Amino acid sequence: MAISINGQDYPLPADPRTSLLDFLRREAGLTGTKKGCDHGQCGACTVLVGGVRINSCLSLAVTHEGDEVTTIEGLGTLAAPGAMQAAFVAHDGFQCGYCTPGQICSATAMLQEIAAGWPSDATEDLDAAPALTDAEIRERMSGNLCRCGAYPNIVAAIRDVAGAEA
Amino acid sequence: MRPFDYQRAERFEHAAQLVGEDGTRLLAGGTNLIDLMKLQVETPQTLVDIGRLSLGTIAEEGDGLRIGALATNTATAVDPRVRRDYPVLARAILAGATQQLRNKATTAGNLCQRTRCYNFTNIDQPCNKREPGSGCGAIKGIARLHAVLGTSDQCIATYPGDMAVALAALDARVEISGERRSRSVRLRDFHRLPGDTPWRDNVLDAGEVITAVTLPAPVGGIQLYRKVRERSSYAFALVSVAAVIGIEENRFTRADLAFGGLAHKPWHDPRLAELLVGSEPSLALFDKAADLLLEDARGYGENDFKIPLARRTLAAVLCEATGVEP
Ligand SMILES: Cc1cc2nc3c(=O)[nH]c(=O)nc-3n(C[C@H](O)[C@H](O)[C@H](O)COP(=O)(O)OP(=O)(O)OC[C@H]3O[C@@H](n4cnc5c(N)ncnc54)[C@H](O)[C@@H]3O)c2cc1C
Ligand code: SF4
Ligand code: FES
Ligand code: FES
């Protein structure tokens, strides 16, 4: 009866109403994941479940028994930041930083999706391997809003990591 | 959110049995239901989590394809058979929501998603769909998203989804199972018009569960999904068109069209194919098709624009499919 978060087990919440987002922040004390809209409209709460990105605000924690959740805290530390975290810093991919954990989790999963050949709405040919154009990055990141409008630098940070991996 | 009893269905029969009871709702991806529970639009006493039932398979069946009720929208859109043989379906799914949402959203949950009418989602407003008999706050109110075809004086809401519009063009079927019987209905007949019972979105009876959507044998042709919205991504359709078009010797051999954003259901008018098939594509013909489609269209003020927009979007799709200069 547990959820694994960044490799550590946490007991399921007593109240089934608890969203995965509230569970992370309140019960696991992992406040890196942010609450923007609480209705699936902003992406601030994006986390990875079994490597797949989802909005944690629209998911009940009890439904994640046995799942492996990765949050921004699981992608690196201040002393040893992950590649995407370091690239966001290097490219000023934020201003206030509120949307940033969600952006970084989302971007991390997005590069895996492109590598797996998943098409997007911006993909011209559904059968070809998707190219890493700015249009593709923007469409694929459209579930993460940034009120500070740091978008150009976010795209630059993602390109940087993608280039390094390619 | 109101308190509820959480039950995880371990077997299909268990889910079907529980969902027959009053105040029970099925939970699939949760991206619509949990949203509405937070708004207290949905207040189930029991939530039956079907997320772990093995209903997620996408498999060939006969000459067609069977997409399990719990297959995620992502799994369907990236499936190589869907991309190759039913590209209009992949396109429609990819045009909807965001990657995060599509990763959780399921086939059945998508079909059963509720309207985005602002009065429906605001419990302080009157709404016949949410609270039968309370009136419709959208008629003479904020109605930008609302329907222009098949409305009633009780409700003018639209079915908001994209995937089902493509499924209507493809003439897919919905497989339904209950405790006692199983049946299959055409997707084109699955969603309802509001009439005098706007609280019923579709033909599911109490105790029935969607198990799959089945696609007929691939028909090839040119398949397009065009979605017109307020911004270029992450927004619901104002008007959308799904088209499966065949052309031989400069004549239509197939013209299966379905429309989103216009009605309480994905709109399919069989008269369009009757008009188009056998004829030579031309702007004049496309105009006639739009006349037929919109013959009984009626605006409610804020959504009047949808009528000319539907005409232009239909023409644009047919031009793209046939190469006629717009
Ligand atoms: C911000 C936002 C933007 C969106 N944009 C779009 C968009 O552009 N286009 C679009 O098409 N959609 C859009 N969506 C809607 C999204 O596609 C739906 O929320 C999703 O498809 C619902 O699937 P689910 O599995 O999460 O359903 P759930 O929320 O789990 O369930 C929805 C309904 O279906 C019922 N249900 C689930 N499974 C079954 C079953 N097997 N049998 C019978 N009933 C069942 C549930 O009881 C519930 O009533 C958007 C959603 C959000 C939050
Ligand atoms: S249009 Fe339908 S859903 Fe919207 S307020 Fe009227 S009755 Fe309710
Ligand atoms: S907080 Fe989850 S999408 Fe906004
Ligand atoms: S950095 Fe402020 S919201 Fe994105």
Side-chain angles (χ1 to χ4, degrees), chain A residues 12-13 15-22 37-67 102 105-106 109-110 113-114 116-123 125-128 130 135 138-145, chain B residues 1-8 27-39 44 46-47 49-52 72 74-75 77-80 82-105 121 162 223 225 227 229 231-235:
Chain A
L12 290 176
D15 189 336
R17 288 178 295 180
T18 314
S19 68
L20 179 59
L21 172 60
D22 287 342
C37 64
D38 215 19
H39 287 282
Q41 297 170 359
C42 75
C45 66
T46 304
V47 298
L48 312 180
V49 175
V52 173
R53 52 174 160 160
I54 68 161
N55 303 106
S56 60
C57 68
L58 289 187
S59 204
L60 298 176
V62 280
T63 64
H64 289 288
E65 184 181 356
D67 283 350
C105 286
S106 210
M110 187 205 72
E113 292 156 9
I114 292 192
W118 293 9
S120 84
D121 193 39
T123 309
D125 179 354
L126 283 181
D127 290 325
R138 286 176 188 279
E139 166 59 27
R140 288 167 190 271
M141 292 297 292
S142 66
N144 292 84
L145 306 187
Chain B
M1 199 185 287
R2 298 277 180 79
F4 55 85
D5 177 33
Y6 173 79
Q7 302 250 5
R8 183 179 299 157
L27 177 71
T31 59
N32 188 228
L33 186 54
I34 294 172
D35 199 2
L36 293 173
M37 284 168 65
K38 289 183 181 185
L39 297 166
T46 306
L47 202 55
D49 179 3
I50 56 172
R52 308 222 172 185
T72 63
T74 295
V78 310
D79 186 280
V82 173
R83 283 149 71 177
R84 183 187 65 222
D85 297 331
Y86 310 96
V88 67
L89 177 58
R91 288 284 176 205
I93 292 173
L94 294 172
T98 65
Q99 189 69 53
Q100 287 98 312
L101 289 160
R102 294 191 299 267
N103 286 346
K104 278 234 96 188
T121 53
D162 293 294
Q223 302 196 7
Y225 187 72
K227 177 174 177 181
R229 42 187 160 173
R231 55 183 182 193
S232 61
S233 190
Y234 205 0

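Note: hydrogens, waters and symmetry copies are ignored here, and every other heavy atom, side chains too, is used. The sequence lines fix the lettering, A, B, ..., with proteins before strands; numbering per chain opens at 1. Since the structure is predicted, the reported quantities are computational estimates derived from the model, not experimental observations.
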So for [X], is it side chain, backbone, both, or neither that comes closer than 4.5 Å to the heavy atoms of chain A?
X       : value
B:Phe4  : both
B:Leu27 : side chain
B:Ile93 : neither
B:Arg8  : side chain
B:Ala95 : both
B:Asp49 : side chain

Taking side chain as C-beta onward, heavy atoms only, is A:Pro119 less than 4.5 Å from B:Leu94?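 Yes. Closest side-chain heavy atoms under 4.5 Å.
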
Does some side-chain heavy atom of A:Val49 sit less than 4.5 Å from a side-chain heavy atom of A:His64?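 SC-SC contact between A:His64 and A:Val49 confirmed.
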
Specify the closest pair of heavy atoms between B:Ala92 and B:Asp162, including all atoms of both residues, with the distance to one decimal.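 Closest approach of B:Ala92 to B:Asp162, heavy atoms only: O-CB, 3.3 Å.
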
Using a strict 4.0 Å threshold on nitrogen-to-oxygen distance, state whether A:Asp121 and B:Arg229 make a salt bridge.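 Yes.
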
Between A:Asp38 and B:Lys38, is there a side-chain N and carboxylate O pair less than 4.0 Å apart?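 A salt bridge is present here (some side-chain N lies under 4.0 Å from a carboxylate O).
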
Identify the residue among A:Thr46, A:Leu20, A:Asp22, A:Leu48 that makes a side-chain contact (heavy atoms from CB on, under 4.5 Å) with A:Ser56.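 The side-chain contact (heavy atoms from CB on, under 4.5 Å) with A:Ser56 is passed solely by A:Leu20 among A:Thr46, A:Leu20, A:Asp22, A:Leu48.
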
Using a 4.5 angstrom heavy-atom cutoff, name the option from B:Arg102, B:Arg52, B:Lys227 with the most pairs to chain A.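 Option with the greatest count: B:Arg52.
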
Which of B:Arg91, B:Arg84, B:Lys104 touches chain A most, by non-hydrogen pairs under 4.5 Å: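 Of the options given, most contacts go to B:Arg91.
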
Derivation of the side-chain hydrogen bond (donor to acceptor under 3.5 Å, both in side chains) call for B:Gln7 and B:Thr46: CA-CA 7 Å; B:Gln7 302 250 5; B:Thr46 306; 5.8 Å; no

Between A:Val62, A:Asp127, A:Leu145, the one whose heavy-atom pairs under 4.5 Å with chain B are most numerous: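 Result: the option with the highest number of such pairs is A:Val62.
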
Is A:Glu65 in contact with chain B via its backbone, its side chain, both, or neither, using a 4.5 Å heavy-atom distance?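 The answer is both parts of A:Glu65.
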
Proximity breakdown for A:Leu60 and chain B, heavy-atom pairs closer than 4.5 Å: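 A:Leu60 touches chain B through backbone and side-chain heavy atoms alike.
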
Is the charged tip of B:Arg231 near the ring of B:Tyr234: under 6.0 Å from the six-membered ring centre and within 45° of its axis?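 That pair qualifies as a cation-pi contact.
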
